[in-house]
Amino acid sequence: MGLNVIMMGPPGAGKGTQAERLARERGLLKISTGEILRDALKEQTPVALVAKAKMDRGELIDDQTMIAIVRDRLMRPDAERGVILDGFPRTVAQAEALDRILEERDSGPLVVIDVVVPEEELVRRLASRRICSSCGTNAGPGDKSPACSRCGGVMVQRADDNQEVVLERLKIYQHATRPVLEYYRGRPTFRVVNGTQAPERVAHELDTLIDDAASVAVPVKTTTEGAL
Ligand code: ADP
């Protein structure tokens with residue numbers, strides 16, 4: 001059976017790094033909405049330019065557009081084994097839409113992980129974060145090389161990682177995305193991980209939490225079905 005994981009957490013919590021590793025190690029499709037949008041911006045279409053203006057200010061793209069993008073990816077054959085979602089859902093409307101899509105797909109359990117990191121640490125991390133301008137890979141902690149370790153591309157600061165925009169993104173996270181955590185918190189497959197630990201430590205804890213949550217998800221689903 002497939003496994004679906006949502007990586008929740010504020011910007012800079014390290015969810016992208018962990019999502020990448022989990023997808024690779026578990027053979028799941030990674031759907032990172034930030035990456036999809038940044039790729040789409042390279043096309044320079046009118047729609048992309050409107051999206052870019054919003055992203056550069058740290059604002060969210062509208063729910064309808066984001067839900068359509070994610071629905072399209074989730075319906076592809078390579079999503080059948082399961083997905084790791086990074087950057088989605090970011091609003092309660094997106095979370096509700098995701099539940100409906102997953103129900104339609106009749107997919108495996110949905111595990112929700114909240115990566116927790118205090119705000120001062122996030123601001124510090126984002127100020128020094130660099131990504132590859134060609135393939136979008138994040139530089140690892142302490143990696144100061146000007147070239148990407150994966151493709152050799154030039155490492156740059158993301159347009160929305162300057163301090164003013166970072167503070168705006170954190171504000172938007174608090175009012176639009178925090179309620180999504182409340183939406184999921186009561187589920188038996190909701191788990192919290194301390195994102196201030198070293199990446200390997202976070203990875204290790206995540207593996208245990210995900211396996212544990214996925215194992216409780218199955219009986220819960222069966223019991224619910226049996227009760228109907
Ligand atoms: P972060 O480092 O903040 O997690 P992402 O790379 O996930 O950044 O997203 C960058 C930007 O893309 C966001 O600030 C927002 O403008 C847009 N974006 C990404 N995912 C979504 C979404 N699910 N809903 C609305 N906007 C989104």
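Numbering of ligands and ligand atoms starts at 1, following listing order. What you see below is based on every heavy atom in this structure, not just the backbone, and it leaves out hydrogens, waters and symmetry mates.
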- Message: Heavy-atom count check: over 12 atoms from other residues, nucleotides or ligands less than 6.0 Å from Glu103 CD?
- Response: no
- Query: Can you tell which of Ile67, Val180, Val70 makes a side chain to side chain contact (heavy atoms under 4.5 Å, CB included) with Gln94?
  - Reply: Ile67
- Query: Can Asp160 and Arg158 be counted as an ion pair, charged N to O under 4.0 angstrom?
  - Reply: yes
- Message: Distance under 4.0 Å to a non-hydrogen atom of Gly34: what atoms of ligand 1 satisfy this?
- Response: 5 (P), 6 (O), 7 (O), 9 (O), 19 (C)
- Query: For ligand 1, which atoms, with element, lie under 4.0 Å from some heavy atom of Met66?
  - Reply: 20 (N), 21 (C), 22 (C), 23 (N), 24 (N), 25 (C)
- Message: At less than 4.0 angstrom from any non-hydrogen atom of Gln94, what atoms of ligand 1 do you find?
- Response: 22 (C), 23 (N), 24 (N), 25 (C)
- Kindly indicate whether the side chain of Leu3, heavy atoms from C-beta on, has any atom under 4.5 Å from the side chain of Leu28. yes
- Query: Taking N or O atoms only and a 3.5 Å limit, does Met55 qualify as a polar contact for ligand 1?
  - Reply: no
- Element-labelled atoms of ligand 1 that are located less than 4.0 Å from some non-hydrogen atom of Arg129: 2 (O)
- Task: Run the numbers for me: atoms of ligand 1, each under 4.0 Å from some heavy atom of Phe88, listed by number.
- Result: 23 (N)
- Query: Is the shortest distance from a heavy atom of Arg169 to ligand 1 less than 4.0 Å?
  - Reply: yes
- Query: Which protein heavy atom lies closest to atom 26 (N) of ligand 1, and at what distance to 0.1 Å?
  - Reply: Ile61 N, 3.0 Å
- Item | Among Leu209, Leu110, Val112, Ile113, the one residue meeting side chain to side chain contact (heavy atoms under 4.5 Å, CB included) with Phe190 | Val112
- Residue, atom name and distance, where the atom is the protein heavy atom closest to atom 20 (N) of ligand 1: Thr33 OG1, 2.8 Å
- Task: Provide, to 0.1 Å, the distance between atom 4 (O) of ligand 1 and the closest protein heavy atom, together with that atom's residue and name.
- Result: Lys15 NZ, 3.0 Å
- Item | Short N or O distance, Arg90 and ligand 1, threshold 3.5 Å exclusive | yes
- Query: Does even one non-hydrogen atom of Glu168 get within less than 4.0 Å of ligand 1?
  - Reply: no
- Got a sec: does the NZ of Lys42 have more than 12 other heavy atoms crowding it under 6.0 Å? yes
- Note on the structure: Glu59 heavy atoms within 4.0 Å reach ligand 1 at atoms 15 (C), 16 (O)
- When you look at CD of Glu104, are more than 12 heavy atoms from neighbouring residues, nucleotides or ligands closer to it than 6.0 Å? yes
- Any nitrogen or oxygen of Gly87, main chain or side chain, under 3.5 Å from a nitrogen or oxygen of ligand 1? yes
- Has Arg38 got any heavy atom lying under 4.0 angstrom from an atom of ligand 1? yes
- With atoms numbered from 1 as shown, which atoms in ligand 1 lie under 4.0 angstrom from a non-hydrogen atom of Arg158? 1 (P), 2 (O), 5 (P), 6 (O), 8 (O), 10 (C)
- Message: If you count every heavy atom of other residues, nucleotides or ligands that lies below 6.0 Å from Glu182 atom CD, does the total exceed 12?
- Response: yes
- Looking only at protein heavy atoms, identify the closest one to atom 17 (C) of ligand 1 and say how far it is in Å. Leu37 CD1, 3.5 Å
Extract all donor-acceptor atom pairs below 3.5 Å that involve side chains of residues 4-15 and protein atoms in other chains or at least two apart in sequence.
from, atom 1, to, atom 2, distance (Å)
Asn4, OD1, Val83, N, 3.3
Asn4, ND2, Gly108, O, 3.3
Asn4, ND2, Pro109, O, 3.4
Lys15, NZ, Gly9, O, 3.2
Lys15, NZ, Pro10, O, 3.3

- Task: Using distance alone, with no hydrogens and no angle criterion, decide if Gln174 and Arg178 have a side-chain donor and acceptor under 3.5 Å apart.
- Result: yes
- Message: Can a side-chain donor-acceptor contact be found between Asp99 and Tyr183 if the only test is distance below 3.5 angstrom?
- Response: yes
